[in-house]
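Structure first, then comments.
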Number of protein chains: 2
Amino acid sequence: MKRGTFQLMKSVNKSIILNKIRTGEPISRAQIAKETTLTPPTVSSIVKELIEEGIVRESELGESKGGRKPTMLLINHSAFFVVGVDAGPNKIGCVLADLSGKIYERTSIPLQEITSNEQFLSILVESIRTILKRVDQKGNVIGIGVAMHGVVDVETGTSLVAPNLQLRDIPIKETLENEFQMVIKVENDARAMALGESWFGNHGSLNSMLAVNLGSGVGAGVVINGKLYHGAQDIAGEVGHMTIDMHGEVCECGNRGCLQTFATGSAIAEQAGVDSGEEVFRLANEGNEKYATILKETGAVIGVGLTNLIHIINPQVIVLGGGVAKSQKYILPSIQQTIEERGLTKAAKETKVVISNLGDDATLLGAVALLLVELFE
Amino acid sequence: MKRGTFQLMKSVNKSIILNKIRTGEPISRAQIAKETTLTPPTVSSIVKELIEEGIVRESELGESKGGRKPTMLLINHSAFFVVGVDAGPNKIGCVLADLSGKIYERTSIPLQEITSNEQFLSILVESIRTILKRVDQKGNVIGIGVAMHGVVDVETGTSLVAPNLQLRDIPIKETLENEFQMVIKVENDARAMALGESWFGNHGSLNSMLAVNLGSGVGAGVVINGKLYHGAQDIAGEVGHMTIDMHGEVCECGNRGCLQTFATGSAIAEQAGVDSGEEVFRLANEGNEKYATILKETGAVIGVGLTNLIHIINPQVIVLGGGVAKSQKYILPSIQQTIEERGLTKAAKETKVVISNLGDDATLLGAVALLLVELFE
DNA sequence: ACTTAATTAATTAAATTAAATAAGTGGTGA
DNA sequence: TCACCACTTATTTAATTTAATTAATTAAGT
């Protein structure tokens with residue numbers, strides 16, 4: 001456990017002030033002091049340091065309230081950059097973003113016939129290298145965040161199980177640290193998505209949020225007080241294989257009635273007898289009632305799964321992302337209706353369910369946010 | 001957010017030292033310094049305060065390791081007392097316990113035909129008054145913890161919904177504060193049970209634990225880093241109405257296939273065609289295979305629910321309590337087997353599932369622990 | 001003579017308090 | 001109109017305080 005030292009005292013205050021600026025910019029020293037109950041000298045001295053470090057800058061003076069005009073402070077967003085990586089089952093996407101989540105560069109490399117950890121890692125390294133080449137001031141890149149599908153050991157930064165690639169125990173963090181000499185963070189992709197939505201999704205200031213990725217699989221991440229919840233062995237949030245229909249269809253995992261047997265793109269496609277989930281959405285959009293009904297029914301089942309999660313985790317907001325969420329027009333109303341019907345209490349019934357504001361970038365920005373958490377912590 | 005002050009610095013160290021003594025007693029000042037990396041003068045001065053406050057005491061000298069003998073420190077367990085209350089659907093149980101969880105006094109009052117909040121509260125007040133009469137040094141009672149069934153607003157200490165009593169919005173904390181002028185903590189009973197197991201259950205030092213109460217209903221509590229997890233509106237852990245069988249039987253809540261339709265005493269009794277869960281257990285114990293099989297099958301269904309919880313929350317250990325857990329002989333093996341079969345990863349499969357060490361006292365001791373958390377925090 | 005335990009005295013980090021300085025606004029009377 | 005003064009608000013400087021760390025000392029052994 002962290003002991004009480006002068007450094008702790010200071011770092012606590014530094015983080016309070018930095019986050020006050022981040023969430024309230026532009027803001028003056030005096031206002032920070034008022035809102036945090038820290039004294040003006042403390043605020044001034046810490047702000048001085050933050051300015052010296054380059055993370056905060058002064059802007060023009062603000063309006064007078066009957067006295068001296070306040071000097072407004074801003075986060076120096078474009079002073080630092082972060083590389084975010086989304087390592088999905090089919091492709092590796094990379095972005096270069098600044099502290100505000102603004103994306104400056106993008107790359108995307110498809111993954112085909114990957115047969116070894118080395119092969120996967122060399123593609124990963126290559127795509128990061130490509131994006132780093134486009135940065136002018138290399139010194140200002142503070143780190144690389146990787147959102148990896150499957151089960152990830154966050155401590156060691158190892159991908160323990162990457163089911164769609166048929167790989168195990170990929171030493172991502174170790175490899176990237178050796179290659180790039182930067183801070184490396186590795187996280188499960190659904191959890192990264194949750195963090196991305198919580199940082200950049202404009203869902204307001206939340207102390208708990210659940211983000212559910214409805215894509216080729218179903219995964220979830222929980223953010224509590226700005227931090228990701230991992231569970232004891234980093235498998236918390238594996239909601240795709242939550243049993244909701246004990247006597248239902250057999251899932252690829254061998255069990256019956258997992259949420260995944262209803263809620264993935266391919267599950268929907270199979271039920272509709274077409275090639276892909278997108279196809280079902282397209283047909284429904286063309287006015288074909290049959291396909292719209294299939295999507296609505298899928299929404300109802302997703303609602304059952306989400307109601308379970310509400311009763312277990314009780315998040316303030318649930319954010320839905322991934323390909324399936326794109327057919328929100330059909331699924332969202334039936335999801336909400338199901339929760340309204342099945343929720344035990346008023347609070348449960350009223351849990352807000354929204355579609356991701358970030359769309360396909362949620363996971364990438366989540367990978368970016370992995371490093372921002374460190375910076376702003 | 002708590003700002004960095006000298007008080008914070010000190011209270012952090014005080015809590016570190018106090019907990020080191022609690023979990024490692026008897027222990028010397030020197031050993032505390034070594035294990036916490038605090039310096040000897042810091043440890044000495046804080047220990048001095050703790051002794052003055054009466055919560056820590058010195059005992060005889062320890063063994064020399066080649067130099068001066070260390071003075072050993074202990075928690076002064078019997079210097080303070082706490083009242084713990086278990087307000088279940090059928091009775092109100094009260095205990096007086098010391099800091100080690102040792103129970104000195106007990107009362108139990110049945111609840112019959114409760115029709116108003118006032119009536120419930122007057123019985124509650126009366127049972128606490130009875131137990132307080134038996135204390136010699138009243139000043140040493142540091143507070144009252146109440147474990148209330150149903151949904152509880154922890155901030156205000158209000159019982160929002162007490163389903164089995166048909167009551168709502170019972171102002172427990174307010175009433176007891178006015179009556180007894182002590183610190184009052186109110187918590188949901190399943191969560192209190194979880195805290196009780198985590199403090200007094202001898203499950204080792206855990207950073208996450210899930211306790212599931214299998215009784216007249218099914219509820220759960222999660223302890224993460226020694227603290228209870230509540231969720232956004234204090235309804236986290238309402239696992240009894242987790243849907244595991246979408247097309248199953250209708251539950252009292254109106255939905256189909258809730259865990260509660262399988263796992264409560266009355267559900268088991270109904271399935272077996274006898275009067276109570278206890279009866280089923282008795283018949284199984286008499287060697288009647290039919291009833292043993294029913295219990296085993298119930299265990300398998302509970303296993304499905306627990307596997308869901310493992311994949312969502314991923315606790316280090318799951319502790320089972322409540323009446324149904326008493327038939328562990330029949331249900332525990334099938335629970336464990338089901339988890340082994342259905343778990344997605346090695347970690348999930350190996351999640352430890354154990355039966356409560358505290359039995360019927362788990363909730364009462366959890367109520368006691370609600371105050372100890374404050375004291376040792 | 002060497003170890004280990006605990007305390008005392010001096011030093012240091014970083015907060016708070018109190019005071020000073022900086023930079024306004026607004027009113028008043030010549 | 002504008003110089004001047006009283007009052008605000010913002011920020012910095014100087015002095016004080018808290019509670020840690022470091023270094024040295026005392027206590028009590030083997």
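Just so we're on the same page: letters track the sequence lines, and every chain starts at 1.
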[X] [atom1] to [N] [atom2], straight-line distance once rounded to whole Å:
| X | N | atom1 | atom2 | result |
| --- | --- | --- | --- | --- |
| B/M72 | C/dA6 | CE | P | 9 Å |
| A/F6 | D/dT21 | CZ | C1' | 8 Å |
| B/K10 | C/dA15 | NZ | P | 18 Å |
| A/I27 | D/dA10 | CD1 | C1' | 14 Å |
| B/Q7 | C/dA13 | CD | P | 21 Å |
| B/L8 | C/dA15 | CG | P | 11 Å |
| B/R29 | D/dT26 | CZ | P | 19 Å |
| B/I46 | C/dA6 | CD1 | P | 15 Å |

> Side chain of A/P40: nearest nucleotide among D/dT21, D/dT12, D/dA10?
Replying inline: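 That would be D/dT12.
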> D/dT22, D/dA19, D/dA14: which one has an atom nearest the side-chain heavy atoms of B/T39?
Replying inline: D/dT22
Quick one: is [N] close enough that its OP1 or OP2 comes under 4.0 Å of any side-chain N or O from [X]?
| X | N | answer |
| --- | --- | --- |
| B/N13 | D/dA20 | yes |
| B/S45 | C/dT7 | no |
| B/T5 | C/dT16 | no |
| B/R3 | C/dT16 | yes |

>> Tell me whether the count of non-hydrogen atoms from other residues, nucleotides or ligands lying under 6.0 Å of CD in B/E63 goes above 12.
In response: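 Counting neighbours around CD of B/E63, 12 or fewer heavy atoms of other residues, nucleotides or ligands fall under 6.0 Å, so no.
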> Got a sec: does the CD of A/E155 have more than 12 other heavy atoms crowding it under 6.0 Å?
Replying inline: no
If you measure from [atom1] on [X] to [atom2] on [Y], what distance do you get to the nearest 0.5 Å?
| X | Y | atom1 | atom2 | value |
| --- | --- | --- | --- | --- |
| A/T71 | A/I27 | OG1 | CD1 | 13.0 Å |
| B/S208 | B/Q316 | OG | CD | 5.0 Å |
| A/L364 | A/F200 | CG | CZ | 11.5 Å |

>> Based on the rotation axes of five pairs at each end, what angle does the helix from C/dA1-D/dT30 to C/dA30-D/dT1 bend through, to 10°?
In response: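 That helix gives 20° between its end axes.
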[X] side-chain N/O to [Y] backbone N/O, donor-acceptor pair under 3.5 Å:
| X | Y | result |
| --- | --- | --- |
| B/D98 | B/K102 | yes |
| B/N76 | B/I55 | no |
| A/T36 | A/I32 | yes |
| A/N188 | A/R191 | yes |

> Which part of the nucleic acid, if any, lies within reach of A/P70 when heavy atoms closer than 4.0 Å are counted: base, sugar-phosphate only, or nothing?
Replying inline: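 Answer is sugar-phosphate: A/P70 comes under 4.0 Å of backbone atoms only.
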Taking only distance into account, with no hydrogens and no angle test, what donor-acceptor pairs under 3.5 Å do side-chain atoms of residues 17-24 of chain A form with protein atoms, sequence neighbours excluded?
unit_1 : atom_1 : unit_2 : atom_2 : d
A/N19  : OD1    : A/R22  : NE     : 3.1
A/N19  : OD1    : A/R22  : NH2    : 3.3
A/N19  : ND2    : A/S15  : O      : 2.9
A/N19  : ND2    : A/F376 : O      : 2.8
A/K20  : NZ     : A/E35  : OE1    : 3.1
A/T23  : OG1    : A/N19  : O      : 2.8

> Looking at residues 14-26 of chain B, who's got a heavy atom less than 4.0 Å off DNA chain D?
Replying inline: none
>> Test: salt bridge (charged side-chain N to carboxylate O under 4.0 Å, His left out). Region: residues 1-15 of chain B. Which pairs qualify, not counting sequence neighbours?
In response: B/K10-B/E49, B/K14-B/E49, B/K14-B/E53
List the atom pairs, donor and acceptor, that lie under 3.5 Å between side-chain atoms in residues 221-233 of chain B and the rest of the protein, sequence neighbours left out.
unit_1 : atom_1 : unit_2 : atom_2 : d
B/Y229 : OH     : A/I313 : O      : 2.8
B/H230 : NE2    : B/E187 : OE2    : 2.6

> Between A/K34 and A/G4, which has a closest nucleotide on DNA chain D that is more 5'?
Replying inline: A/K34
> Where along nucleotides 22-28 of chain C does protein come under 4.0 Å, by heavy atom, of base (B) or sugar-phosphate alone (S), with - for untouched nucleotides?
Replying inline: BBBS---
